[in-house]
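Please read the structure below before turning to the comments.
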There are 2 protein chains.
Amino acid sequence: MDNKPFLDYIKNFIKLTDEEETILLSKTVHRKYLKNQYIVQQGDICKSVNFIISGSTKAFYMDLEGQEHIVMFSIEDWWTSDLGSFITQTPADFNLQCIENTELIQFTYENLEYLYKAIPKLERLFRKIVERAFVASQKRIIRNFSLTAKERYQIFKRTYPKIEQRVPQYMIASYLGITKEFLSKIKSQLIHDQ
Amino acid sequence: MDNKPFLDYIKNFIKLTDEEETILLSKTVHRKYLKNQYIVQQGDICKSVNFIISGSTKAFYMDLEGQEHIVMFSIEDWWTSDLGSFITQTPADFNLQCIENTELIQFTYENLEYLYKAIPKLERLFRKIVERAFVASQKRIIRNFSLTAKERYQIFKRTYPKIEQRVPQYMIASYLGITKEFLSKIKSQLIHDQ
DNA sequence: AAATGATGTTAATCTAGATTAATATCTATT
DNA sequence: AATAGATATTAATCTAGATTAACATCATTT
């Protein structure tokens with residue numbers, strides 16, 4: 001199995017010895033999911049944080065009217081989890097579902113706690129990863145409040161060009177917090193604008 | 001100066017020896033701000049993460065039309081910073097301003113990096129703190145998308161009863177992403193509902 | 001290649017929340 | 001206690017985006 005993308009990713013944050021890399025990998029599971037398979041379902045306890053080697057996932061919340069609200073897309077070299085459920089080991093608010101066939105590296109709660117003890121440097125790694133995720137989340141809140149749907153869509157396209165091409169429009173609408181019909185309208189406006 | 005609230009807070013996450021506590025405190029600054037003073041202004045580099053001993057602050061973004069959008073309130077026993085600016089040492093997106101007279105403990109970038117080396121357990125502390133902040137931020141995104149303004153206001157009241165009483169209505173409206181006029185309407189509806 | 005299901009578009013109508021503006025209340029300061 | 005500035009309320013009108021519904025296109029399976 002190909003762990004190289006993961007080890008390369010980690011090198012951006014911390015340096016590990018060969019021995020540490022071996023310990024780290026020994027406590028992870030490499031796993032493949034098919035398109036549409038669930039990694040976690042709302043209400044279950046989220047058992048892992050997952051680093052994506054290939055493919056893509058969406059994290060979404062299903063509201064009382066049965067509507068999906070996408071919180072996050074994840075593709076190669078990024079993470080997916082319901083972190084709230086994972087860190088407290090309580091039922092998940094979100095579903096994690098694969099949009100494409102997806103290959104990922106999984107850290108279970110127990111293994112990750114073990115690893116924090118065995119390789120304390122990993123605390124630093126995950127601190128930095130979560131810091132970045134938090135900052136992105138805060139910026140998204142601001143964008144949702146201060147920009148129109150059209151502006152948010154344009155930023156989305158610029159920021160995540162890879163995702164735009166691989167994900168159906170209606171999921172992008174959900175991520176932007178608008179209906180698919182309104183996204184369709186925005187797109188035709190953007191074409192006619194010039 | 002009274003560091004007890006801070007040391008008590010930390011004990012929820014990690015155990016420190018007396019010696020470690022001393023090192024930790026030696027690398028922090030205890031500071032008082034008056035009502036309305038800025039801790040950081042948008043465009044400046046955010047020089048500290050701040051633990052609040054007493055008082056309250058708001059983190060807000062001023063948009064191109066001059067409108068304030070409040071990202072976060074912070075009161076005693078919680079943190080405030082523009083973490084994006086702090087971790088990358090680049091210009092801040094947000095202003096941090098005191099709502100009341102506020103007393104806080106400041107960690108500068110250099111001191112915190114020093115402390116991570118001197119007391120590696122602090123990586124764990126801050127990992128856990130940021131994890132919680134991230135989870136709260138994600139939940140807020142979901143709430144903003146899937147609930148009406150009235151529902152969000154009711155949740156806000158339940159979740160932050162202390163803040164509701166200490167902060168003017170128009171700031172709560174900004175935090176909820178609505179106008180002060182509309183919040184006023186919601187409040188009178190809630191009174192007349194029953 | 002026809003049929004089925006998933007995805008996308010267009011247009012008409014509707015509504016949550018914004019905007020504007022006038023008035024009221026509360027809080028400090030002299 | 002009078003004035004000024006900050007905060008809150010109310011009501012009329014307006015708009016970004018939702019809803020509904022009909023139709024179009026694309027992909028997959030037989």
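Lettering follows sequence order; numbering is per chain, from 1.
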Taking CD from B:Glu164 and P from D:dA8, how many angstroms apart are they, rounded to a whole number? 11 Å

Check the side chains of B:Glu164 and B:Tyr153 for a donor-acceptor pair under 3.5 angstrom, ignoring hydrogens and angles. yes

Could you give the CG-to-C1' distance, from B:Leu147 to C:dG17, as a whole number of Å? 15 Å

Between A:Tyr116 and A:Phe126, what is the ring plane arrangement, given parallel below 30°, perpendicular above 60°, and tilted in between? perpendicular

Those residues of residues 60-73 of chain B lying under 4.0 Å from DNA chain D by at least one heavy atom: none

Atom CD1 of A:Ile172 and atom P of C:dT7: how far apart are they, to the nearest Å? 13 Å

Does this structure show an ion pair linking B:Arg124 with A:Glu113, if we count only N-O contacts that are shorter than 4.0 Å? yes

Can you tell me if A:Arg152 touches the phosphate of D:dG17, counting only side-chain N or O atoms and a distance under 4.0 Å to OP1 or OP2? yes

Salt bridge between B:Glu131 and B:Arg127, side-chain N to carboxylate O under 4.0 Å? yes

Would you kindly compare A:Ala149 and A:Lys35 by the position of their nearest DNA chain D nucleotide and give the one closer to the 5′ end? A:Ala149

Between A:Glu181 and A:Thr148, the residue closer to the 5' end of DNA chain D by nearest nucleotide is A:Thr148

With a 4.0 Å cutoff (strictly under), does any side-chain N or O of A:Thr179 reach OP1 or OP2 of D:dA18? yes

Taking atom C1' of D:dG17 as reference, at what distance in whole Å does atom CD1 of A:Ile186 sit? 9 Å

Considering only side-chain heavy atoms of A:Ile178, which listed nucleotide, D:dA18, C:dG17, C:dG8, is closest? D:dA18

In whole Å, what is the span from the CG atom of B:Leu183 to the C1' atom of D:dT10? 14 Å

Measure from OH on A:Tyr170 to P on D:dA18 and round the result to the nearest Å. 17 Å

Once you measure the plane-to-plane angle for A:Phe145 and B:His69, does it fall in the parallel (<30°), tilted (30-60°) or perpendicular (>60°) bin? parallel

Under 3.5 Å, side chain of A:Ser137 to main-chain N/O of B:Phe134, donor-acceptor pair present? no

When the aromatic ring centroids of A:Phe73 and A:Tyr175 are compared, is their separation below 6.0 Å? yes

Under 4.0 Å, heavy atoms only, any strand: does B:Phe182 hit a base, just the sugar-phosphate, or nothing? base

Taking atom P of C:dG17 as reference, at what distance in whole Å does atom CD of B:Glu151 sit? 9 Å

Rounded distance in Å - CD1 (A:Ile191) to P (C:dG8): 14 Å

